[in-house]
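Numbers here simply count residues along the sequence, with the first being 1.
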Amino acid sequence: MQKQSLKLDAPREWRSVLTGITSGLLLYETVTGLAIMLLPFSPFNQFNVLLHTILGIAMVVPVVWYCIRHWLVRRRGNLSHYQLLGYISVILLLACFVSGLVLTWQGVFGPVIHATWDTLHLVTGFAMAVFIVIHLLSILTRKVNNQEARVSLAHARS
């Protein structure tokens, strides 16, 4: 028996509220994380740490929901480099979530934030962002080279 593949409405998926929320939260967390790392520790950056932490905790549910939903829709078929990039991104995201929760716990209840957890959070967050960008660019490159997909993507942008 051959596997049935779902016909997916790509423009609808790209326009979905959940996709927008997830993308926005991941982008915000990446930018604020880089600001925390690169900018001097000032009152602005102290406030930035608080917002980064609060939104990081708040984003766990919608982002995990999106990842599970996306996996359920896209898991069929042979393993491709697109799927592999997505799986690596999710593994890095989970490691980033866990290390972020540990850092939050240490910041609230502990006497010190351990450098190992801080470095793990930084590395997995940055690597996850890079892998998501590569994942999306590889898919978009494939779609742009397909006339039918190009029309569908243009429709998604309008």
Side-chain angles (χ1 to χ4, degrees), residues 6 8 10-144 153 156-157:
L6 292 175
L8 206 62
R12 186 170 153 232
E13 289 295 314
W14 281 95
R15 287 182 177 180
S16 82
V17 172
L18 187 58
T19 300
I21 289 170
T22 299
S23 301
L25 288 169
L26 288 172
L27 180 63
Y28 177 83
E29 288 294 298
T30 301
V31 169
T32 58
L34 288 172
I36 292 165
M37 180 186 75
L38 298 173
L39 296 176
F41 204 66
S42 62
F44 167 77
N45 227 7
Q46 290 176 6
F47 185 69
N48 190 24
V49 169
L50 286 174
L51 283 179
H52 181 85
T53 303
I54 291 166
L55 281 177
I57 293 168
M59 74 184 274
V60 171
V61 171
V63 171
V64 168
W65 178 20
Y66 172 82
C67 290
I68 291 170
R69 183 181 175 283
H70 189 65
W71 177 75
L72 287 171
V73 170
R74 298 289 188 174
R75 71 176 188 241
R76 291 174 174 78
N78 297 327
L79 181 65
S80 68
H81 66 281
Y82 308 110
Q83 288 173 318
L84 186 59
L85 287 167
Y87 292 151
I88 292 169
S89 299
V90 168
I91 290 167
L92 290 166
L93 176 65
L94 290 174
C96 191
F97 275 160
V98 169
S99 60
L101 291 171
V102 169
L103 287 172
T104 300
W105 181 266
Q106 289 178 347
V108 172
F109 298 108
V112 66
I113 289 178
H114 295 282
T116 304
W117 285 106
D118 191 33
T119 302
L120 180 65
H121 188 64
L122 176 70
V123 169
T124 57
F126 183 72
M128 180 244 348
V130 169
F131 272 89
I132 287 174
V133 167
I134 294 169
H135 173 70
L136 293 173
L137 286 177
S138 66
I139 292 168
L140 287 172
T141 301
R142 178 188 69 176
K143 296 286 187 187
V144 166
L153 284 172
R157 281 187 254 146

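Remark: side-chain polar atoms of His135 are paired, donor with acceptor, to backbone N or O of Tyr82 under 3.5 angstrom. The backbone N or O of Glu29 lies less than 3.5 Å from a partner atom in the side chain of Thr32, making a donor-acceptor pair. Side chain of Gln106 to main chain of His114: a donor-acceptor pair is present (N/O by atom type, distance under 3.5 Å, no hydrogens or angles). Checking side-chain atoms of Ser99 against main-chain N and O of Cys96 turns up a donor-acceptor pair under 3.5 Å.
Aromatic ring pairs are classed by plane angle as parallel below 30°, tilted from 30° to 60° and perpendicular above 60°; the pair Tyr66 and His70 is parallel.
When all heavy atoms of Thr104 and Ile57 are compared, the pair lying nearest together is CG2-CD1, 3.9 Å. Nearest heavy atom pair, residue Thr124 against residue Ala95, reads CG2-CB, 3.7 Å. Scanning both residues, Pro62 and Leu18, for their nearest heavy atoms gives O-CD1, 3.7 Å. The minimum heavy-atom distance linking Leu25 with Met59 is given by the pair CD1-CB, 3.6 Å.
More than 12 heavy atoms of other residues, nucleotides or ligands shown are found within 6.0 angstrom of OH on Tyr87. Enclosure of atom CZ in Phe41 by more than 12 non-hydrogen atoms of other residues, nucleotides or ligands within 6.0 angstrom is indicated. The environment of Phe131 atom CZ is sparse: at most 12 non-hydrogen atoms of other residues, nucleotides or ligands sit within 6.0 angstrom.
Ile36 pairs in a side chain to side chain contact (heavy atoms under 4.5 Å, CB included) with only one of the listed residues (Asn48, Val31, Thr53), which is Asn48.
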